[in-house]
Every structure is written in structure tokens, then in C-alpha cells.
Amino acid sequence: MISTKKKLSRVFDDLDDHQQEMLLDFAEFLQARTGKIHTIPKIPLSIPRPPTESVIAAIKRLATTYPMLEQARLFNETSMLMTTHIMEGRSSKEVIDDLEILFKHHFEKWRNEMEVNKASEK
């Protein structure tokens, strides 16, 4: 049995650009009627790094700081850094520094993808 999301995706792919835009407008209209409008910020939130922070708390803070990023895309790299902390005894500070770099890198990549998508829509 085909899931509703897959079916909707197939229908969407079969439409021309104008029809896809109309479908998105209609979907957003329906979403607005539910009162569950989810807006994702296009810039990172300003959540300062506390002086003492665990690696787990840092991951949670960074996920909140960068809500536009898909956490699944960061999972492997985040897990590897966490493993170096737990299994190899790497310091929290070093791992958190690397996590901050990782999230910032993924944000820059996401922002570039958004710019490319916006340019291709014109």
C-alpha cells in the first residue's frame, strides 16, 4: 500500500511548476486553518554557550540553535564526536568546539542550498 506522503509526492512531481505552486499555496492554506503553522528561522538562534556544559547538553543546545537543520543529516558525525568523548576520553571542551564547527558548517551548506534553490525558482 502506498503511503499518503508518497502518493502526494508522486502527484506533486507530475505537476508543472505553476500547478506545484498552486498545490503548495493550498497546502499552506489548509495548514493555516489548523492553527499549526511552523515557521523555521532562516538564521541560527542566539543561544550562548554556558561556561560548563556537557556534550549532550551542547548537542541539544546546537539542535535548538539551528532548527533549520535536519538532525538525521548530522547524526553520524555527531555520534562519532560523542564516541571520541566517551570511549577515547577526549575533553568535553574539544568535542563541543568541534560540534559547534560541525553545526556551523552544516548551516552554511544549508544556506547555500537555499540560495541555489531560490535562484533556480526565478
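As a basis for the values below, the full set of heavy atoms in this structure was taken, side chains included, without hydrogen atoms, waters or symmetry mates. Numbers for residues simply follow the sequence, beginning at 1.
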Please identify each residue that fulfils side-chain contact (heavy atoms from CB on, under 4.5 Å) with [X], with sequence neighbours left out.
X    : value
R111 : F107, E108, E115
S79  : F75
D14  : none
K6   : I2, S3

Worksheet item: Can you list every side-chain hydrogen bond (donor to acceptor under 3.5 Å, both in side chains) pair that touches residues 53-78, not counting sequence neighbours?
Response: E53-R61, R61-E100, E77-H106
Practice prompt. Could you name each residue pair satisfying side-chain hydrogen bond (donor to acceptor under 3.5 Å, both in side chains) that touches residues 41-52, not counting sequence neighbours?
Written response: R49-D97
Item to complete: Would you indicate whether the side-chain heavy atoms of L81 and R90 approach each other to under 4.5 Å?
Response: yes
Verify same cluster id: [X], [Y] (apolar side-chain graph, 4.5 Å):
X    : Y    : result
F103 : M114 : yes
I96  : I56  : yes
L62  : I86  : yes
L15  : L8   : yes

